[in-house]
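Only one structure is covered here, and it is reproduced in the block below.
In this chain, numbering begins with 1 at the start of the sequence shown.
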Amino acid sequence: MDTLVGAESPSLSSSEESLSLHCDILADSLFDEKSLLNFFNEQEQRDFKTSVIRNILHDRNYKTLCTLGMSNFGFVSTPLRKECWFELLSRQLRVSQGSGYTTNKGCTREHRDENQVSLDVQRSFTSVTDEGRKEKLRKLLERIIVKILRRYPKLSYYQGYHDVVSVFVIVFIEGHDYDDECNFLSLSGMTSKSDDNHSNGAAEDKSNGVSSSTTDLYENETTSKIGFDEDKLLRCVEAFTLLYLRDFMMDSLDFPIDQLRLIPEFIKKNSKAFYKKLNLDKIEPFFAISSILTVFSHELKPSENEPDSLIFQIFDFVISSQSMVVPLAMYATLIMEKKDTIIEAYNANIDNFENSVDLVHGVIQQVLVPTRCAEKIWKQILEEVRSNPSREHISKYRGLVNRYSTLLTTASGQLHTSYEVEDVIKLLEKEIALNSKRKTSKAHAKLHKTNTMRTFARLFSSRSFPLICKVSIFVGMLAIFMKLYRDGSIKAMLPTLRIYLKKYQCSSFAGLYRGLNYVWLDPLHELLKNPSLPRWASKVSRSISSSKDSDF
């Protein structure tokens with residue numbers, strides 16, 4: 001151990017040649033939370049990892065690059081992160097020349113959701129104090145989103161997508177200022193010579209991997225040598241959208257809700273007692289939907305002034321692991337980290353809520369909202385997820401998501417997997433068809449339920465239907481509703497129940513509310529009116545009627 005400490009200086013000043021020869025070993029053994037590298041201070045670790053990543057990019061060793069992206073500090077800095085994201089995403093989604101997705105052709109028609117995009121973009125980059133720069137960033141963000149939607153018109157925009165894209169925008173515009181024409185230009189002195197050499201080398205070497213045509217998004221668009229490379233930004237957003245966010249870009253939230261159901265399953269695996277305490281088997285985890293749809297970028301908003309923000313490291317991990325299971329596992333880990341506080345709040349508020357559904361949602365929101373922006377807790381979450389990779393979990397829960405889901409296909413955690421854009425479009429079309437089929441099935445089920453209720457209502461309000469049967473059915477239904485209410489499952493049914501109660505308030509069924517003194521005589525009265533009964537029964541019936549009249 002003394003030898004290791006004494007060898008600190010030579011280790012950190014190793015030649016690029018030796019680093020290149022041992023990148024695989026370094027990535028596996030040094031850049032984890034409990035490695036020997038922790039004998040060095042944080043800045044020395046960052047500097048050393050930066051050197052390793054540069055050599056890996058030069059050698060085009062993508063397997064090791066993914067390993068480094070999932071380890072401590074992620075891709076370390078914004079300039080490196082930009083290069084790493086582009087290298088990885090451009091290989092995960094291959095767009096070749098002539099594929100139909102490399103030109104502006106067919107991309108000029110306005111997308112149906114562009115108005116909502118404009119509204120959401122105006123709420124972006126609130127941390128930017130320079131109003132001029134903020135406006136330019138918003139224009140760039142809107143332009144990128146619109147290009148993606150027009151290129152793939154079958155995608156549906158969802159609120160929160162702009163938060164995800166803003167993370168890419170912040171990373172790719174770092175080190176660039178804007179001119180009066182809304183073009184982003186390189187700031188002098190921001191890019192080192194070594195970075196320039198690397199970029200040139202990366203541009204020249206296209207033999208191993210995707211050809212140069214795969215990185216050209218538009219035939220009619222060129223990038224200034226001194227300007228901001230919008231094509232690379234667009235390419236990364238395109239790949240991330242199709243490979244990682246596809247489930248979210250349907251015209252309903254069914255598929256995202258499917259994904260959310262994995263969170264309780266992960267919690268159950270860690271603590272069955274906690275899972276049962278919160279009745280998570282009976283509760284839809286809508287409390288997590290904002291975090292998952294935005295990959296935490298709504299809570300941990302990216303900022304130009306914070307290049308080391310944890311949101312960037314989260315994206316490093318997701319892209320490097322090629323898995324959208326990661327955000328789900330992270331949210332489950334976040335809940336488990338706050339388990340004791342959640343239980344305490346649950347017990348303290350159990351009398352303040354009418355049902356367990358509202359109680360659980362309220363408590364989780366109360367406990368997690370203050371911690372969502374806390375850097376300390378997110379460092380713990382990242383450390384936990386890094387030490388326990390979750391990409392193998394999805395195989396156990398295949399039945400919870402659709403068979404074309406990103407969780408089972410393009411973002412399932414199968415590292416170093418490439419997809420042709422045409423194949424991903426086929427997956428998208430199958431997913432859209434399945435989503436439409438599910439919506440149709442729901443509509444038919446709703447219609448069938450409505451028709452059944454109408455038939456039952458007509459029968460129930462009919463004068464030919466004996467009141468004793470009405471009372472029996474009412475008592476039975478009341479018992480069922482009471483049981484469901486106590487279980488916390490009746491909340492969603494209450495509005496419909498109120499409507500039907502109002503509907504029948506003036507019908508013969510309403511006698512249950514108005515004639516309380518005789519409500520239990522009415523069934524007997526109806527029964528005794530039956531002409532097939534003997535004479536003594538008819539006399540009893542007439543006496544009951546006369547007694548009612550005398551009372552009035």
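The distance between the ring centers of Y397 and F266 falls below 6.0 angstrom.
Two residues are said to be in side-chain contact when any heavy atoms from C-beta on lie closer than 4.5 Å; L278 and I364 meet this criterion. A 4.5 Å side-chain heavy-atom check between M336 and E384 finds every atom pair outside the cut-off. The side-chain heavy atoms of E230 and L140, taken from C-beta on, include a pair separated by under 4.5 Å. No side-chain heavy atom of Y244 sits under 4.5 Å from any side-chain heavy atom of T410. Side chains of R123 and D120 form a contact here, defined as non-hydrogen atoms less than 4.5 Å apart. The side-chain heavy atoms of M330 and L382, taken from C-beta on, include a pair separated by under 4.5 Å. Between E299 and S290, some side-chain heavy-atom pair lies under the 4.5 Å cut-off. In this structure the side chain of R438 never reaches within 4.5 angstrom of the side chain of S252, judged on heavy atoms.
With no hydrogens or angles considered, a side-chain donor-acceptor pair links D47 and Q43 at under 3.5 Å. Side chain to side chain, K301 and T126 fail the donor-acceptor criterion of an N or O pair below 3.5 Å.
Between F248 and Y158, the ring planes are perpendicular. Angles over 60° get that label, and only those under 30° would be called parallel. Ring-plane geometry between Y161 and Y157 is classed as perpendicular, the angle between the planes exceeding 60 degrees on a 0 to 90 degree scale with a lower cut at 30.
One finds a salt bridge joining E87 and R91 here, because a Lys/Arg side-chain nitrogen approaches an Asp/Glu carboxylate oxygen to under 4.0 Å. K82 has no carboxylate O lying under 4.0 Å from a charged side-chain N of E174, or vice versa, which leaves the two without a salt bridge. For the pair E238 and R235, the salt-bridge criterion is met [side-chain N within less than 4.0 Å of a carboxylate O]. The pair E42-R46 counts as a salt bridge, with a side-chain nitrogen and a carboxylate oxygen less than 4.0 angstrom apart.
Just one residue in the list D59, I53, V52 forms a side-chain contact (heavy atoms from CB on, under 4.5 Å) with I56, and that residue is V52. Screening F312, F240, F86 for a ring pair (Phe, Tyr, Trp, His ring centres under 6.0 Å) involving F168 leaves a single residue, F240.
Note that the OG atom of S90 and the NZ atom of K232 stand 8.5 Å from one another [nearest 0.5 Å]. Taking OH of Y62 as the start and CG of L88 as the end, the distance is 8.0 Å to the nearest 0.5 Å.
Across all non-hydrogen atoms, the minimal contact from R138 to V121 is O-CG1, 3.3 Å.
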**Request:** Take N402 and K430, measure what side chain to side chain donor-acceptor pair (under 3.5 Å) needs, and give me the verdict at the end.
**Result:** CA-CA 10 Å; N402 79 83; K430 290 178 180 179; over 6 Å; no

**Request:** Please report the C-alpha distance between R403 and R398 in whole Å, then the side-chain angles of each, then the deciding distance to 0.1 Å, and finally whether the side-chain contact (heavy atoms from CB on, under 4.5 Å) criterion is met.
**Result:** CA-CA 8 Å; R403 59 184 179 275; R398 299 180 68 90; over 6 Å; no

**Item:** Full working for side chain to side chain donor-acceptor pair (under 3.5 Å) between S156 and D251
**Value:** CA-CA 6 Å; S156 295; D251 60 358; 5.5 Å; no

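Under the ring-ring contact (aromatic ring centres under 6.0 Å, His included) criterion, F125 pairs with no residue, sequence neighbours left out. Residues satisfying the ring-ring contact (aromatic ring centres under 6.0 Å, His included) criterion with F296, sequence neighbours excluded, are W378.
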